[in-house]
Protein chains: 2
Amino acid sequence: MAKKKPLILVSNDDGITSPGIKTLVEVMCELGEVVVVAPDSPQSGMGHAITVGNTLRLDPSTIFEGIDAYECSGTPADCVKLAKHHVLKDRTPDLVVSGINHGSNSSISVLYSGTMSAAIEAAIEGLPAIGFSLCDYSHQADFSHTAEFVKKIALQVLEHGLPPDIALNVNIPAKSDEKIKGIKICRQAHAKWQEVFDQRKDPYGRRYFWMAGNFVNEDKGEDTDEWALTNNYISVVPCAFDLTAHHALPVLNQWAL
Amino acid sequence: MAKKKPLILVSNDDGITSPGIKTLVEVMCELGEVVVVAPDSPQSGMGHAITVGNTLRLDPSTIFEGIDAYECSGTPADCVKLAKHHVLKDRTPDLVVSGINHGSNSSISVLYSGTMSAAIEAAIEGLPAIGFSLCDYSHQADFSHTAEFVKKIALQVLEHGLPPDIALNVNIPAKSDEKIKGIKICRQAHAKWQEVFDQRKDPYGRRYFWMAGNFVNEDKGEDTDEWALTNNYISVVPCAFDLTAHHALPVLNQWAL
């Protein structure tokens, strides 16, 4: 008897019209039945935001021929919630994928990432989930080298499932002349963004700011996602949504509370 | 020689005019020199969102008499970044506090919490940080019982500092006839929101949704924040921003990648 085709939910944070989600949908169509629920406009930097105190729109989209797709006015996390509880209802996806993001979500960027918030929301719902990002911020980024790796990783998750309560954060080096060396399982590098605020005056004389930042990585570990990406490997970090710093519990228990 | 007064940065997600931040500012003024940088409008459910691709406003506020305060058009994480890199510049706060939030941020809600994103942003910057929330969503919530506990916990952090790379998530039971039993160091309960989408038609016949949710807790552990709050204790959870699920690394390393 033929195995049932897996059901795959696709979302992202750059919006349903972005080139990155197009590549992801194409690859997923080779692996199973695809349903897309993605934001109707870019949601970069949204972190794990949800829409509270405001309404949500969800409308069918014809952007992917022959595929059941919806565009949503909300955040990536809203998209996954609406997909699970409204669009798919009693059908449970075998896999949830988000991306492919235009730009890296490695290291500390995972916290600010709308791409990963969709994947983590799915993990909270008990679904195997992967966020994919390409380390190239350009809207014209070349995704042609990503397909084989996206497929390989997705197939492994479909085959093995994931340990409970985690989502995978996958980052792929930008296209270059050098061939990608392979895929590495990593920990999140201990790095941060060093913000710079560019202060300007608007035409009415009132000040405003642009936030810009430099990525600062002082973590020299060769088991980190940053090391892998710098050395032209794809990084895979398993991410938890239990934020408890268990090692800190005994320290705090010594306090006079 | 008299000890130098600690410098305390205060932010929140309900906005600079909310009653919760007023209580927090009052308590912090007893402990040190206070600077406030908070959103100019409510930012609930914003998670760890930051403002990318848009400008930020930051204007002085006279809302707290005699206190250096600023209102910001951005998210709670933006507020902390602007405070650190623009408002305070070379001065390093001894403590960053966020809240007091109108509503619980216990268990999985920590991920959606703007209150906690301010605290976690501060932790990323290497600053000791605490997010405070009251388990009462009402704008008219009674904060009168919170002050003594907020002060006690803040004093412990000022005295001991915090283990590196964590922020404290403090939730306080709503005011009731029963006296609060004490303060418990806890882990994040393994619970989730079960969403319900209320579908309606707008006056033009187009559908829209309200997201509503029920909190579902199947974690019966007596070491969780939910257990503490249900039993009228204040919960304190140390939260990490390294999301790596270290226990999953060996599992994934067995895959055929």
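Just so it is clear, the model here is predicted, and its values are computed rather than measured. Scope of the values below: all heavy atoms of this structure, side chains included, with no hydrogens, waters or symmetry mates. We name chains A, B, ... by the order of the sequence lines, and we start the count at 1 in each one.
- One side chain, A:S113 or A:N105, offers a donor N or O that lies under 3.5 Å from an acceptor on the other.
- Between atom CG of residue B:N217 and atom OG of residue B:S107 there is a gap of 6.0 Å, rounded to the nearest 0.5 Å.
- If you measure heavy-atom distances from B:E121 to chain A, the contacts under 4.5 Å come from the side chain alone.
- A centroid separation of 6.0 Å or more is found between the aromatic rings of A:H86 and B:F197.
- Most heavy-atom pairs under 4.5 Å with chain A, from the set B:M46, B:K184, B:Q43, B:H85: that is B:H85.
- Residue with the most contacts toward chain B among A:V52, A:N169, A:I183: A:I183 (heavy-atom pairs, distance under 4.5 Å).
- When A:N54, A:V236, A:V237 are compared by the number of non-hydrogen pairs under 4.5 Å with chain B, A:N54 comes out ahead.
- Looking at A:D165, only its side chain comes within 4.5 Å of chain B, counting heavy atoms on both sides.
- Atoms SG and CZ, from A:C72 and B:F209 in turn, are 8.5 Å apart once rounded to the nearest 0.5 Å.
- Of the listed residues (B:H160, B:Q194, B:E125, B:H247), the one with the most heavy-atom contacts under 4.5 Å to chain A is B:H160.
- For A:D223, no part lies near chain B; criterion is any non-hydrogen pair under 4.5 Å.
- Residue A:L168 touches chain B through its side chain alone, counting heavy-atom pairs closer than 4.5 Å.
- When the candidates B:C186, B:G182, B:G213, B:A256 are compared by the number of heavy-atom contacts under 4.5 Å with chain A, B:A256 comes out ahead.
- Counting only heavy atoms from C-beta outward, the side chains of B:D202 and A:R57 approach each other to under 4.5 Å.
- With no hydrogens or angles considered, no side-chain donor-acceptor pair links A:W227 and A:S235 at under 3.5 Å.
- When heavy atoms are compared at a cutoff of 4.5 Å, A:I120 approaches chain B solely by way of its side chain, counted from C-beta outward.
- B:Q188 and B:T224 share no donor-acceptor pair across their side chains, judged by distance under 3.5 Å alone.
- Only the side chain of A:I166 comes within contact range of chain B, with at least one heavy atom under 4.5 Å from a heavy atom of that chain.
- The number of heavy-atom neighbours closer than 6.0 Å to NZ of A:K179, taken from other residues, nucleotides and ligands shown, is 12 or below.
- Among the candidates B:D198, B:V251, B:L249, the residue making the largest number of heavy-atom pairs closer than 4.5 Å to chain A is B:L249.
- Between chain A and the residues B:R187, B:E159, B:R206, the largest count of heavy-atom pairs under 4.5 Å involves B:R206.
- Contact check on A:D219 versus A:K192 returns no salt bridge, with no Lys/Arg side-chain nitrogen under 4.0 Å from an Asp/Glu carboxylate oxygen.
- Only the side chain of A:Q199 comes within contact range of chain B, judged by heavy atoms closer than 4.5 Å.
- Checking B:N12 against B:T115 by side-chain atom types alone, no donor-acceptor pair falls below 3.5 Å.
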Q.
The test is side-chain contact (heavy atoms from CB on, under 4.5 Å); show your working for B:M211 and A:D78 and say whether it passes.
A. CA-CA 9 Å; B:M211 180 163 66; A:D78 290 331; 3.5 Å; yes
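- Ranked by non-hydrogen atom pairs under 4.5 Å with chain B, the options A:P42, A:A240, A:G74 are led by A:A240.
- With a 4.5 Å cut-off on non-hydrogen atoms, A:V157 touches chain B through its backbone and its side chain both.
- Neither the backbone nor the side chain of A:R200 has a heavy atom closer than 4.5 Å to any heavy atom of chain B.
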Q: Apply ring pair (Phe, Tyr, Trp, His ring centres under 6.0 Å) to B:H102 and B:H139, showing your working.
A: CA-CA 7 Å; B:H102 293 241; B:H139 194 74; 5.6 Å; yes
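- When the candidates A:H246, A:Q254, A:H190 are compared by the number of heavy-atom contacts under 4.5 Å with chain B, A:H190 comes out ahead.
- The most heavy-atom pairs under 4.5 Å with chain B, out of A:T51, A:V196, A:L82, come from A:L82.
- Of the listed residues B:L58, B:V110, B:D225, the one with more heavy-atom pairs under 4.5 angstrom with chain A than any other is B:L58.
- Proximity to chain A is limited to the side chain of B:I108, based on heavy atoms less than 4.5 angstrom apart.
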